[in-house]
**Q** 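Pasting a structure here, questions to come.
In what follows, every chain begins at residue 1, and chains take the letters A, B, ... in the order their sequences are listed. Note that the coordinates shown come from a computational prediction; the quantities given were computed from them, not determined experimentally.
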Number of protein chains: 2
Amino acid sequence: MRKVGIKDVAHAAGVSPTTVSHALSGSGKVSPDTRKKVHETARALGYTPNRLAAGLRSRRTNVIGLVSDEIATTPFATNVLLGVQHAAEKAGVIVMTVNSERNAETEKRQITALHQHQVDGIIYARMYNQRVELPELLDSTPTVVLDGKPTNRAVPFVIPNEEQLAYDAVSHLIEHGHTKITFVQNADKIPASRGRLIGFERALQEHGIARSDNDLILASSSAEAGRTAVRPLLEREDRPTALFCFNDRIAMGAYQAAHLAGLAIPEDLSVISVDNFEIIADSLYPALTSMELPHFQMGVWAVERLLALIENSEEDEEEPCEYLIGCPMVVRDSVAPLVK
Amino acid sequence: MRKVGIKDVAHAAGVSPTTVSHALSGSGKVSPDTRKKVHETARALGYTPNRLAAGLRSRRTNVIGLVSDEIATTPFATNVLLGVQHAAEKAGVIVMTVNSERNAETEKRQITALHQHQVDGIIYARMYNQRVELPELLDSTPTVVLDGKPTNRAVPFVIPNEEQLAYDAVSHLIEHGHTKITFVQNADKIPASRGRLIGFERALQEHGIARSDNDLILASSSAEAGRTAVRPLLEREDRPTALFCFNDRIAMGAYQAAHLAGLAIPEDLSVISVDNFEIIADSLYPALTSMELPHFQMGVWAVERLLALIENSEEDEEEPCEYLIGCPMVVRDSVAPLVK
DNA sequence: GTGAAAGCGCTAACAG
DNA sequence: CTGTTAGCGCTTTCAC
């Protein structure tokens with residue numbers, strides 16, 4: 001008598017377990033009266049269905065797995081967790097979070113564990129836009145990729161629209177009168193740097209601005225690297241009046257370089273960046289205008305897409321879909337009109 | 001024949017399902033020979049035990065729940081997730097992550113969902129040290145509290161040693177010759193501010209430094225608040241030579257104030273802080289010396305403690321334990337000896 | 001040391 | 001619309 005089960009409810013309500021199951025799950029047909037009665041007695045008895053048993057029988061656990069590389073390691077993409085959980089809760093599913101700590105062996109074990117727990121599907125998430133090779137283990141599981149483009153299997157995926165984001169950022173600077181703009185680019189060969197470069201160049205071109213050689217410098221993703229890279233730039237006679245930074249950490253370094261050069265932001269130098277990592281963007285002085293990487297939205301999209309995939313996993317294979325998610329600008333105080 | 005089950009393994013190995021179960025789980029008695037054979041055929045067939053079924057029968061799912069307020073919302077405590085997952089993986093359990101979005105109703109639903117999935121226990125985590133009232137729903141579940149002190153139930157909990165951390169930080173400044181130290185304190189009445197104040201005062205006292213009235217100012221937790229609070233302080237004749245900041249964001253504001261006042265860190269002003277939030281501490285120039293809040297370790301401790309609790313949940317109730325976790329100093333470049 | 005039988009709590013399939 | 005029967009895949013109990 002310890003825990004109340006479906007039989008107890010059935011007994012108390014004077015119906016069969018089947019009817020209770022139908023009434024509570026909404027499947028099958030039950031008269032409004034009995035449905036109501038069942039619900040009442042269930043609540044009265046404090047009935048909590050055992051999802052293990054349900055899942056075992058129905059082959060649907062309403063659990064999804066989230067496997068990430070180091071999404072938890074780095075605070076940047078924290079919002080994908082939030083987005084995933086938000087959407088999951090709304091859909092009535094729960095998420096098992098697992099992270100590989102960048103180790104293929106660990107990842108295999110983790111995915112296997114997820115399988116053993118019979119998850120309905122898996123979100124394979126990266127912490128920044130990259131090409132991903134989906135592990136074989138996932139081959140027979142509904143899967144979506146978040147912030148990455150799968151190379152070896154056609155599954156739905158979402159990545160930020162890198163080109164648009166760069167185009168918008170640079171256009172914003174141009175609209176403020178700037179024509180000498182330097183792109184403080186990431187040094188790695190990743191989709192983000194490729195896409196943003198294209199957007200950068202397109203913005204210049206469409207606004208009729210010459211793309212001279214000195215419009216681009218490289219830095220790795222840290223304030224220190226940004227500072228070091230930007231510093232010499234600002235000491236030149238012909239220095240740029242605006243910077244488009246690859247991310248907020250680099251922008252922070254640019255602030256420091258400006259400080260060292262005795263330049264005021266935004267009066268002497270406008271800065272726009274990418275990430276909208278609030279802790280940095282809000283904390284800098286003046287606050288940093290930045291293009292948001294919409295992690296929360298990506299998380300939401302991923303679970304919605306995954307659930308759709310699970311729904312018709314037996315039915316027609318609909319074409320895998322690619323989602324280039326738009327990146328809005330969050331305007332703060334680091335961009336000012338050019339004064340001659 | 002779709003999926004291979006325990007019966008298939010039993011058949012192939014020429015033994016009974018019972019024996020397979022025993023051999024794989026290590027329980028019961030099985031001869032080394034058969035054990036080996038079972039393992040081999042299991043691997044050969046690619047057997048993946050169904051944990052749902054196992055859990056249903058054995059009442060042990062090897063799943064634990066992590067319920068947090070907004071731990072995922074804020075990047076600061078991201079490492080507890082990492083620590084929890086790390087320890088969980090090592091122990092062969094998996095974690096269901098859920099977050100309440102600060103809403104009691106949502107939290108109830110989430111905890112109920114966790115129960116339905118028959119989690120073995122729950123880690124109730126907060127994003128900063130605070131008193132917590134455990135929801136009734138958790139009453140009959142093994143529970144530990146992370147970064148909070150339960151008020152209504154005696155369960156194990158872990159919180160940072162606020163007093164020690166402050167004492168160590170301030171002592172560090174004193175050892176560098178500073179005697180005019182201002183504590184840029186948090187404005188909220190939370191355990192952290194209380195504990196750190198005690199540590200601050202004890203450090204002054206033990207080193208024979210007078211606690212004059214102007215050693216403490218208040219700011220809320222943002223760079224802007226830090227800047228605004230610190231700025232007037234630095235313009236006084238009798239300004240402090242060192243700052244102990246409540247956290248890294250406030251310290252960032254202090255950097256900005258120093259900059260505005262034309263003061264160099266650490267030559268003119270030493271700064272030490274709390275959080276060791278690496279994105280900020282490493283990015284500031286010069287890099288910020290900070291007391292680490294050991295979130296990863298707290299995560300590890302929480303799962304280990306929880307698993308112990310689950311193990312002897314039927315046995316003797318051992319006294320609930322409180323863990324004041326030590327906070328190490330991470331030395332960077334923001335503290336220098338006082339030059340007269 | 002090994003196996004047969006029972007059953008965890010639920011839902012699917014079908015009958016009425 | 002409701003109930004009966006069977007069984008999801010495993011572990012437990014208990015006999016051998």
**Q** Please give, in whole Å, the distance from dC10(D) P to Gln118(B) CD?
**A** 18 Å
**Q** Got a sec, which residues hit ring pair (Phe, Tyr, Trp, His ring centres under 6.0 Å) with Tyr323(B), two or more places apart in sequence or on another chain?
**A**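 Applying ring pair (Phe, Tyr, Trp, His ring centres under 6.0 Å) to Tyr323(B) gives Trp301(B).
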**Q** On the nucleotide dT11(D), are OP1 or OP2 found under 4.0 Å from the side-chain N or O atoms that Ser21(B) carries?
**A**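 Affirmative; the distance criterion is met.
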**Q** Taking CZ from Arg59(A) and P from dG9(C), how many angstroms apart are they, rounded to a whole number?
**A**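 Computing the Arg59(A):CZ to dG9(C):P distance gives 20 Å.
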**Q** Which residues pass the ring pair (Phe, Tyr, Trp, His ring centres under 6.0 Å) test with Phe296(A), not counting sequence neighbours?
**A**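 Phe296(A): ring pair (Phe, Tyr, Trp, His ring centres under 6.0 Å) contacts with His86(A).
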**Q** What is the separation between atom NZ on Lys36(B) and atom P on dG1(C), rounded to the nearest whole Å?
**A** 18 Å
**Q** Arg35(B) has an atom CZ; how far is it from atom C1' of dG3(C), in whole Å?
**A**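 Taking atom C1' of dG3(C) as the reference, CZ of Arg35(B) is at 17 Å.
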**Q** Roughly how many Å is it from CG in Leu52(A) to C1' in dC10(C), rounded to a whole number?
**A**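 Taking atom C1' of dC10(C) as the reference, CG of Leu52(A) is at 10 Å.
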**Q** Under 4.0 Å between a side-chain N/O of Ser16(A) and OP1 or OP2 of dG3(D), yes or no?
**A**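 Yes, because at least one side-chain N or O of Ser16(A) sits under 4.0 Å from OP1 or OP2 of dG3(D).
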**Q** I'd like to know if Thr18(A) reaches the base of dT4(D) with its side chain, counting only an N/O donor and acceptor under 3.5 Å.
**A** yes
**Q** Could you tell me how far apart Leu56(B) (CG) and dG9(C) (P) are, to the nearest whole angstrom?
**A** 7 Å
**Q** Whether Thr19(B) contacts dG3(C) is assessed here as follows: a side-chain N or O lying under 4.0 Å from the phosphate OP1 or OP2. Is that the case?
**A**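 Answer yes for this pair, as a side-chain N or O of Thr19(B) is under 4.0 Å from OP1 or OP2.
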**Q** Given the rule in the side-chain contact (heavy atoms from CB on, under 4.5 Å) test, do Met127(B) and Asp147(B) qualify, once you have shown the distances and angles that lead to the verdict?
**A** CA-CA 7 Å; Met127(B) 57 158 289; Asp147(B) 219 347; over 6 Å; no
**Q** May I ask you to verify if any side-chain N or O of Thr34(A) is less than 4.0 angstrom from the OP1 or OP2 atom of dC1(D)?
**A**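 For Thr34(A), the contact criterion (side-chain N or O under 4.0 Å from OP1 or OP2 of dC1(D)) is not met.
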